[in-house]
Protein chains: 2
Amino acid sequence: MSQQRHGNTPGNADGGRAGSVTAFPDLPEATIARLPEYLRALHNLGEAGADTVSSEGLAAAAGVNSAKLRKDLSHLGSYGTRGVGYDVALLIDQIEYVLGLDQRRAVCLVGLGNLGHALAGYDGFASRGFKIVALFDADPSKVGEEIQGLIVRHIEELGRVAVEENIAIGVIATPAGAAQAVADVLVDAGVTSILNFAPCVLSVPSGVDVRKVDLAIELQILSFHEHRKASLTALPGGRSATAAGNQEAVGS
Amino acid sequence: MSQQRHGNTPGNADGGRAGSVTAFPDLPEATIARLPEYLRALHNLGEAGADTVSSEGLAAAAGVNSAKLRKDLSHLGSYGTRGVGYDVALLIDQIEYVLGLDQRRAVCLVGLGNLGHALAGYDGFASRGFKIVALFDADPSKVGEEIQGLIVRHIEELGRVAVEENIAIGVIATPAGAAQAVADVLVDAGVTSILNFAPCVLSVPSGVDVRKVDLAIELQILSFHEHRKASLTALPGGRSATAAGNQEAVGS
DNA sequence: AGGCGCTTGTGAAGGCGTGCACAAATCGCG
DNA sequence: CGCGATTTGTGCACGCCTTCACAAGCGCCT
């Protein structure tokens with residue numbers, strides 16, 4: 001990781017960030033993971049008619065600490081006004097730019113089982129900067145099926161289509177046994193980002209990013225906390241009748 | 001502070017850790033989030049016929065560093081044998097116990113749109129310690145529908161059913177606008193763990209755990225990396241991505 | 001015009017997690 | 001029985017992230 005810190009003077013903070021900004025100030029990974037949440041909160045606020053929002057208000061809407069939010073945003077530059085807050089529209093533009101959402105990204109989806117069908121129909125993708133442009137499956141009985149206006153193609157076509165449609169992001173929703181082979185095909189086709197829903201570890205060349213979502217793992221983590229809570233309430237005499245005292249949003 | 005390793009000597013490791021173990025050594029959150037991954041890898045290894053596995057081997061199967069794996073496991077106690085490795089079956093039992101998976105947990109699912117249908121049919125839940133015992137929706141046209149052998153009930157029945165079936169975990173797969181109301185109903189019904197697929201922040205009383213899975217956010221994070229990679233390759237520096245193969249997983 | 005209240009941006013401190021490197025422990029073999 | 005090979009368990013140092021607290025900056029009101 002020889003990531004060179006390159007001087008991010010707040011000087012360029014004004015509106016003119018048209019294409020000239022070379023690379024990115026290396027944002028902390030933790031910050032990047034929160035930017036989408038801020039973005040969603042900002043869109044909500046914007047639709048509610050807010051022109052500006054304070055760090056406190058935005059932090060509440062995004063479910064984080066306000067100091068953390070300010071520090072996160074400060075990494076992008078100075079887009080707030082002291083004494084006033086942040087301009088909602090401006091901040092939306094800035095975050096969308098940083099996340100690369102100003103260009104609608106083409107996504108392909110591999111595996112149209114139960115989950116794949118749901119993902120193909122999930123309108124949260126389209127409404128937040130992504131467009132599913134192709135569906136693939138290895139099962140001949142599924143090929144040809146029309147889902148949400150797209151025809152399911154055989155996975156052998158993936159390489160050709162990926163190039164034609166300039167697909168950079170692939171979503172894997174196959175069973176675990178097929179996932180690695182699919183990943184290999186995706187990588188060969190030039191895909192450099194993969195979202196993996198299959199419960200397995202993918203091996204990919206460096207330069208390819210993989211994010212994994214495992215629904216069962218999330219439940220197992222909750223199960224642990226259930227287990228812990230149960231063993232705690234069993235011990236002290238006072239079975240905490242109602243913990244509903246203080247409202248605290250327990251974020252992830 | 002006084003992180004006293006509580007005398008969980010390897011002697012009783014086999015069967016004799018019935019419910020009497022007081023509480024849990026407070027495992028680091030990061031460790032907890034990885035335990036399910038270890039568990040999955042162990043099951044794979046076990047089915048492949050392995051009796052024991054080294055930290056190196058298990059780490060590779062789980063996609064993590066071996067030192068990290070050893071430290072994680074050391075938090076549970078000493079369940080390995082130096083010079084040999086870890087007993088697969090024993091470690092499976094131990095992790096399942098810690099995660100509270102020795103008892104099959106009852107889960108209810110609220111919201112049977114596109115995603116809800118997929119979740120209801122996802123066999124990864126049943127195969128990994130969970131059982132969906134009830135489905136709810138607010139839409140009368142969906143109530144009565146049979147999915148995977150379960151009848152969709154109206155959400156007003158949630159309170160009664162949750163108590164009857166002893167449901168501790170609820171999954172929210174509704175639109176964002178309905179999620180908070182559903183969460184309130186779940187909490188009132190005694191549910192203390194919530195897995196939220198709706199793109200919004202939930203406010204719940206302390207003592208209730210919420211984990212959030214937002215599919216679009218995952219894509220947006222990938223989009224950022226795409227954006228960054230694109231702006232790097234545009235530079236004449238010609239450093240072709242040397243980043244080590246990194247497998248990022250959702251969490252925190 | 002000047003002061004006052006509000007909010008951002010940030011230096012500093014502390015905590016948490018990671019990875020290295022090695023001592024301790026166990027097994028197999030001569 | 002002792003020795004070497006192997007692997008676990010862990011002390012330690014380092015870096016990242018979070019949180020606090022406050023100076024700097026901005027707008028509004030008088």
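First the proteins, then the strands, lettered A, B, ... as listed; each starts at 1.
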Length of the line joining A:Y86:OH and D:dC26:C1', which is rounded to integer Å: 14 Å
Below 4.0 Å: OP1/OP2 of D:dC26 and any side-chain N or O of A:T81: no
Atom-pair distance (CG on A:D26; C1' on D:dG15), nearest Å: 14 Å
5' priority, DNA chain D, between B:G85 and B:K71 [closest heavy atom]: B:G85
5' priority, DNA chain C, between A:A67 and A:V84 [closest heavy atom]: A:V84
A:K68 NZ to D:dC20 C1', straight-line distance once rounded to whole Å: 14 Å
Distance-minimising heavy-atom pair for A:E218 and B:L195: CB-CD1, 3.8 Å
Side-chain donor/acceptor of A:Q180 to backbone N/O of A:S203, under 3.5 Å: yes
Residue-phosphate contact under 4.0 Å: A:S55 side-chain N/O, C:dT7 OP1/OP2: no
The single option from A:D209, A:L99, A:L101 passing side chain to side chain contact (heavy atoms under 4.5 Å, CB included) against B:F224: A:L99
Separation of atom CG in B:L27 from atom P in C:dC16, rounded to whole Å: 14 Å
Pairwise side-chain contact, A:L27 with A:L76, heavy-atom cut-off 4.5 Å (strictly under): yes
Atom-pair distance (NE2 on A:H75; P on D:dC17), nearest Å: 9 Å
Any donor-acceptor N/O pair under 3.5 Å between D:dT8 base and B:R82 side chain: yes
Length of the CD-C1' vector between B:E29 and D:dT18, whole Å: 15 Å
Residue whose nearest DNA chain D nucleotide is more 5′ - B:R70 or A:R34: B:R70
B:L69 CG - D:dT7 P separation (whole Å): 14 Å
